[in-house]
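Chain identifiers are assigned alphabetically (A, B, ...) following the order of the sequence lines, protein sequences preceding nucleic acid strands; residue numbering begins at 1 within each chain. Keep in mind that what you see is a predicted model, and the values were worked out from it rather than measured.
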Amino acid sequence: MIRPEAQTLLEISDLHAHVEDQPILKGLNLKVKAGEIHAVMGRNGSGKSTLSKVIAGHPAYTVCKGQVLFQGENLLEMEPEIRARIGIFLGFQYPIEIPGVSNLEFLRVATNARREQIGKEELDTFDFEDLVNERLKVVQMDPSFLERSVNEGFSGGEKKRNEILQMALLEPTIAILDETDSGLDIDALRIVAKGVNQLANEDNATLLITHYQRLLNEITPDYVHVMAGGKIVRTGGSELAIELERSGYEWIDSDKNNQEVK
Amino acid sequence: MSFEYKNWINALPEPNGVLAKIQIEGRSLIQNLGIPSREIENWRLTDLKKLESLLTLPISKEQVQQRTPSSAELADQNDAGVRLTLSPNRNPLQLITLPYGIRELSKDEIKEIMKFKMSKIKSKVDWTKLLNHATANQIVGLNIKGTNVPSLELIMPANASEFSSTRIIINVEKGSKLELLEVVIGAKKSAQNHLIEINLEESAELKHGLIGLGVSEASLLAHLSVTQKPNSTYSLSSVQHGWSLGRCEQHIKQVEGQAQSIIRGLQISKGNEQLATHSLVSFDGPEGSLDQLQKSAAADQSHCIFNGAIKVPQKAQKTNAAQLSRNLLISENARIDTKPELEIIADDVRCTHGATVSQLQEDEIFYLQSRGITTDQATALLLKGYCQEILKGLPANAGRWGILKKLLEIVKR
């Protein structure tokens, strides 16, 4: 929901970033306020995933210009774990498999790190199990997933549901979901979308990175941004996603303002 | 041969006890062989300075009381099992009534088993074993009979600044089952030489845990020799940690094939430690199987070594052997050497092997960091996952030793 008086959670100005000398973000600007849902769309290679990783602090990406403020604080100076603890959540496009590390323990350590940051009491094993069993319902996951190693042997849909389960436990202030819809069948997509909708409220915000309108049929964005050549080249309402689905991205090539991104 | 080494051998106590004859022979052999050199393949990477220095330590004398490990070192005892603490100069069986299913082997039985093993092993010179022959003056022999035998726990504590040797021989009778946990506990500047010989009769089953918990400047030279008769199952999980110089030799022979061997090994090194595992599995008959997984993780400037030999002669047709060595470099200055050594003559066999050396994956660390977990916590979690695969194979009573906590100390410093 768009509320002009709402607090600005994330403010990105003139962001330039590269990986291994390859410039990817080239002057990106974005402002996200509490209560809003933003969708970021664009062709492959336009910089969408890089944006998510730069916000989360992936060490492979170097920011060479610009700033990212989270609730007024300079996010770029913080280690990735600090960003997570203060409320940034990145839902991975390809969640990592970690053999031998129990999902339950991983979730408990992560949840307690976040709880400590927001002044909540650390949960012991028993209390955490109560909490996680309640949150499992958000993504309709079977408790047996908790006993397995993190994402190991999970199907694509199970991995994405596990990401949303983490989001439900960590209660982030801003959730960036990087192609959460990729690799999901229709039922799994609905479960994931329902979970995201359930967790969205007026105090937090969601940034959905997606290629397809089908996710946006389930989660209605307040803003849709189109990225090309490492920056946002167009912003509109949810109708923009429908237009993109119909007409594609060819208009970007004909727009003189975007010539550099060809 | 160095002057110090010769002096050390000459200063050993007069041969005595049941092993006196073996001591005399052993001393003569190690004197002739000298200290292993780099020319011997299995010793090529060994830190010989450390080896030489442990061969200057005085040997535990008969009159010296063996140290009782502190409660912090010892895990609580499992009520249902038997715990024996071995010292170099006393037979612990004199102090205990063994439960039904476990009895002391007579001298003649020990001789018989030794003779049988020697006829089957026909090994070249095993220096670590000969060192034990030269120095050990006690042997603990146990016979296992039955399928409901209490678990057995053997503890070998060291005395600080001393060299000590322990020797055990275990026979598991036909169709019998045992869970055996051995824990070797080092003391400051101690050196331990441990020899365990095991014979599994037909259809016998042994789940064996061998844990070496070293401390600063302590060394361990262990030799394990197992003979397996058909349809027996031998499952070994070994863990080495904390030794300045740690060496665990594991020789397993399926005397007629048709047996099952499962080996899991884990060594975690730090500082300037050097930990080595040298395994040799040989099949002297058809249809034997081996499933082996060895893991080493090295931090700081430490060094881990794994040599995994498998011998499949012509008569060992239809052998099914798999060996995997998975290694983790935790620091850029650490070193890991891993070498599979397969000698396969038989043509109708399935033998696979693989070795990987990797570092902790940046993507795994970042994934955990992005959930609020610090790099140190992430490293500990990943290492824990890495170790669990081996630790879960230890006998049930190993859980009380808090091994994982000790292993994870390398990231919590």
Select, from [options], the one with the greatest count of heavy-atom pairs under 4.5 Å involving chain B.
options	result
A:Q166, A:E116, A:R114, A:K53	A:Q166
A:G57, A:S102, A:A60, A:S149	A:G57
A:A113, A:A84, A:A56, A:P80	A:P80

Quick one: [atom1] on [X] to [atom2] on [Y], what's the gap to the nearest 0.5 Å?
X	Y	atom1	atom2	value
A:I98	B:L381	CD1	CG	7.5 Å
B:T375	A:E81	OG1	CD	4.5 Å
A:I176	B:S370	CD1	OG	10.0 Å
A:E97	B:Q361	CD	CD	12.5 Å

Q. By a 4.5 Å heavy-atom criterion (distance strictly below it), what part of A:E152 contacts chain B: side chain, backbone, both, or neither?
A.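 For A:E152, there is no contact with chain B at all, as no heavy atom is under 4.5 Å.
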
(Q) Report which part of A:P95 has an atom under 4.5 Å of a heavy atom belonging to chain B: side chain, backbone, both, or neither. (A)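 Answer is both: backbone and side chain atoms of A:P95 are under 4.5 Å from chain B.
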
Atom [atom1] of [X] with >12 non-hydrogen neighbours under 6.0 angstrom:
X	atom1	answer
B:H353	NE2	no
A:Y61	OH	yes
B:K339	NZ	yes

Q) Quick one: what part of B:I365 sits under 4.5 Å from any heavy atom of chain A, side chain, backbone, both or neither? A)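 It is neither, since no heavy atom gets under 4.5 Å.
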
Q) Do A:H58 and B:D363 have side-chain heavy atoms sitting under 4.5 Å apart? A)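 Counting from C-beta outward, A:H58 and B:D363 do come under 4.5 Å.
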
(Q) Students often mix this up, so state it plainly: with edges at 30° and 60°, are the rings of B:Y367 and A:F106 parallel, tilted or perpendicular? (A)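 Aromatic pair B:Y367/A:F106 classed parallel.
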
Q) If you count heavy-atom pairs under 4.5 Å between each of B:Q369, B:K392, B:R371, B:Q377 and chain A, which one has the most? A)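 Answer, by heavy-atom pair count under 4.5 Å with chain A: B:R371.
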
Q: Find the one option among B:Q388, B:E389, B:K384 whose heavy-atom pairs under 4.5 Å with chain A are most numerous.
A: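 It is B:K384.
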
Q: Let me see the working for B:I373 and A:R85 under side chain to side chain contact (heavy atoms under 4.5 Å, CB included), right down to the final yes or no.
A: CA-CA 9 Å; B:I373 297 169; A:R85 287 175 186 207; 5.9 Å; no

